[in-house]
Amino acid sequence: MHELIDLLEEDPGKIEDLIDSLYDSIEKTDGEVQAYLETADKEPLLAEAREKAERPLKGVPGTIKDNIQTLGFKTTCASRFLEDYDSVYDATVIKLLNEAGSPVLGKVNMDEFAMGSSTENSYFQTTRNPNDLTRVPGGSSGGSAAAVAADEAIYALGSDTGGSVRHPAAFCGVVGLKPTYGLVSRYGLTAFASSLDQIGPITKDVYDAALLLNVIAEQDEMDSTSAANPAVDYSDGIDRGVEGLKVGFPEEYFGDELDERIQDKAERWKETFEDIGAEIVDISLPHTEYAIATYYLISSSEASANLARFDGVRYTSRADTESIDELFSKSRDEGFGAEVKRRILLGTYALSAGYYDEYYGKAQKARRLIKGDFDDAFAEIDLIAAPTSPTPAFKIGEKIEDPLEMYLSDVFIVPINLAGIPAMSIPAGEVQGLPVGMQLMGESLSEELILRAGYAFENAFTG
Ligand code: GLN
């Protein structure tokens, strides 16, 4: 995107070629990749882009996950329940992107209500990994990552509750940044687990992620958890390098579940960091083994409360019934898919009287210990590096019948959301033609450092 912005700065007339080429590539590729659920009409989009030519993003359009309210488009959350739901306002991130000069090209596929790690839980279609069409793009922002990787988008927004920006970015070979909890407004993002949800950019390179964070990181009175913007320019000084930084590699992220080929790649990551002047430190995050259970209890509990609003009366499609009780239950039965129902049942159970302390209460305590691991680590080091996912992209259909296997794909990404800290997945090699992602994690509000280290790594790493 940044090269395009420079180009358009010199010759604003080039916007027409850019938009033509995006529609051409969607036309040519999306039949196979199936990332888009909806695209803007071309002529009005071009007119809008031209109008915005003077603004910082120069009319370069963005692609948006379908759980973010965007006027002029539906917001289906890839659910049958919201099949006909038109957005009623612009999410704060959309408002900010428009103000900065980036209109919306289209809305993309996801796991239903952002629950999943493969984008197979969409009611509408299964998005495919552009690197190998027999494989999943990861999830839940699979449409966002696949669109960017397939050149069907310049950049995309996703949401990350338990890895959903970083996981598909790793599987598709692009960059995905989950900001510190609260740095980016959640206003207009359909709530999944409100204490974990965060919107983040998916881009072709680290510099683009910095440019987008400059636009979307802004305190918002419409989101009571939004944090004061540290008034940082994330792209300025991104090339300052990592000389003298301490990068920790946590032993718990290099255990048996990690694909050996990724284990080998990680040796190259260490060498690269050393080449550019960073120091490698072995560290431990001892409560990592509790992260999956903790995350699935907390996120499902919050989801069971958040999804109560979808009832067949407001927003959603309504089942044809005789009684009011039946209206709720039949609408929810028909509207939600299997994975969403599984989460609602799990969460309702974990919150129910008699089980609350044993499950939800315990999970909250474990969450504090996991956060404590990171606090202890960051007292000694500057950044943590680890694989984003234990395996490269798996086959479509491989894990969909086994929810636990699917959940285990998130083992290295959910601790970050539980701790509320920022992390970015960047392309870091390939195994048998499939991209591998490396995740950089930092303490709260350390995006500037993460982006700087990511930028240095990206320039130095040779595969
Ligand atoms: N795989 C995680 C889940 O299914 C990711 C969720 C997310 O980040 N939206 O809950």
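Since the model is a prediction, treat every value here as computed from it, not as a measurement. Side chains are part of it too, since the values below use all heavy atoms of this structure and drop only hydrogens, waters and symmetry mates. Each ligand, and each atom within it, is numbered from 1 in the order the structure gives.
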> Run down the list Tyr296, Phe113, Tyr407 and name the one with the heavy atom closest to atom 3 (C) of ligand 1.
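The option holding the nearest heavy atom is Tyr296.
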> Run the numbers for me: atoms of ligand 1, each under 4.0 Å from some heavy atom of Ser117, listed by number.
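Under 4.0 Å from Ser117, ligand 1 has these atoms: 1 (N).
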> Below 4.0 angstrom from a heavy atom of Met115, which ligand 1 atoms are there? Numbered from 1 as shown, please.
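Near Met115, the atoms of ligand 1 are 4 (O).
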> Please list the nearest protein heavy atom to atom 6 (C) of ligand 1 with its residue and the distance rounded to 0.1 Å.
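Looking only at protein heavy atoms, the one closest to atom 6 (C) of ligand 1 is Ser164 OG, 3.1 Å.
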> Considering residues, nucleotides and ligands other than Tyr89, do more than 12 of their heavy atoms fall under 6.0 Å from its OH?
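Atom OH in Tyr89 is crowded, with more than 12 foreign heavy atoms closer than 6.0 Å.
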> List every atom of ligand 1 that sits less than 4.0 Å from any heavy atom of Ala114, numbering the atoms from 1 in the order shown and giving each element.
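Contacts of ligand 1 toward Ala114, numbered from 1: 6 (C), 7 (C), 9 (N).
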> Tell me whether Arg342 at atom CZ has more than 12 heavy atoms from other residues, nucleotides or ligands lying less than 6.0 Å away.
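Result for CZ/Arg342: enclosed.
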> Strictly by modelled atom types, are Ser409 and His167 linked by a side-chain donor-acceptor pair under 3.5 Å?
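Yes, a side-chain donor-acceptor pair sits under 3.5 Å.
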> Which of the numbered atoms in ligand 1 are under 4.0 angstrom from any heavy atom belonging to Ser140?
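So the answer, numbered in order with elements, is 9 (N).
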> Hey, which of Phe192, Tyr123, Phe310 is the one that makes ring pair (Phe, Tyr, Trp, His ring centres under 6.0 Å) with Phe113?
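Single ring pair (Phe, Tyr, Trp, His ring centres under 6.0 Å) partner of Phe113 among Phe192, Tyr123, Phe310: Phe310.
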> Can you tell me which portion of Asp410 lies within the under-4.0 Å heavy-atom range of ligand 1? Options are side chain, backbone, both, or neither.
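Side chain only; the backbone of Asp410 stays clear of ligand 1.
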> Is ligand 1 less than 4.0 angstrom away from at least one heavy atom of Ser299?
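No, that is not the case, since the closest heavy atom of the residue is not under 4.0 Å from the ligand.
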> Which atoms from ligand 1 have a heavy atom of Asp160 less than 4.0 Å away?
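Answer for ligand 1: 8 (O).
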> Between Asp111, Asn109, Asp30, which is the residue that forms a side chain to side chain donor-acceptor pair (under 3.5 Å) with Thr127?
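So the option named by the test is Asn109.
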> Among Val108, Thr63, Leu97, which residue satisfies the side chain to side chain contact (heavy atoms under 4.5 Å, CB included) criterion with Leu157?
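Single side chain to side chain contact (heavy atoms under 4.5 Å, CB included) partner of Leu157 among Val108, Thr63, Leu97: Leu97.
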> Could you tell me which atoms of ligand 1, counted from 1 in the order shown, lie closer than 4.0 angstrom to a heavy atom of Phe192?
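Answer for ligand 1: 6 (C), 9 (N), 10 (O).
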> Just to be sure I read this right, does ligand 1 sit under 4.0 Å from the backbone of Arg343, its side chain, both, or neither, counting only heavy atoms?
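It is the side chain that touches ligand 1; the backbone stays farther off.
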> Tyr295 heavy atoms, cut-off 4.0 Å: which ligand 1 atoms fall inside?
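Every atom of ligand 1 under 4.0 Å from some heavy atom of Tyr295: 2 (C), 3 (C), 5 (C), 6 (C), 10 (O).
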> Counting only heavy atoms not in Lys246 (residues, nucleotides, ligands), do more than 12 fall under 6.0 Å from its NZ?
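Not buried by this count: 12 neighbours or fewer within 6.0 Å.
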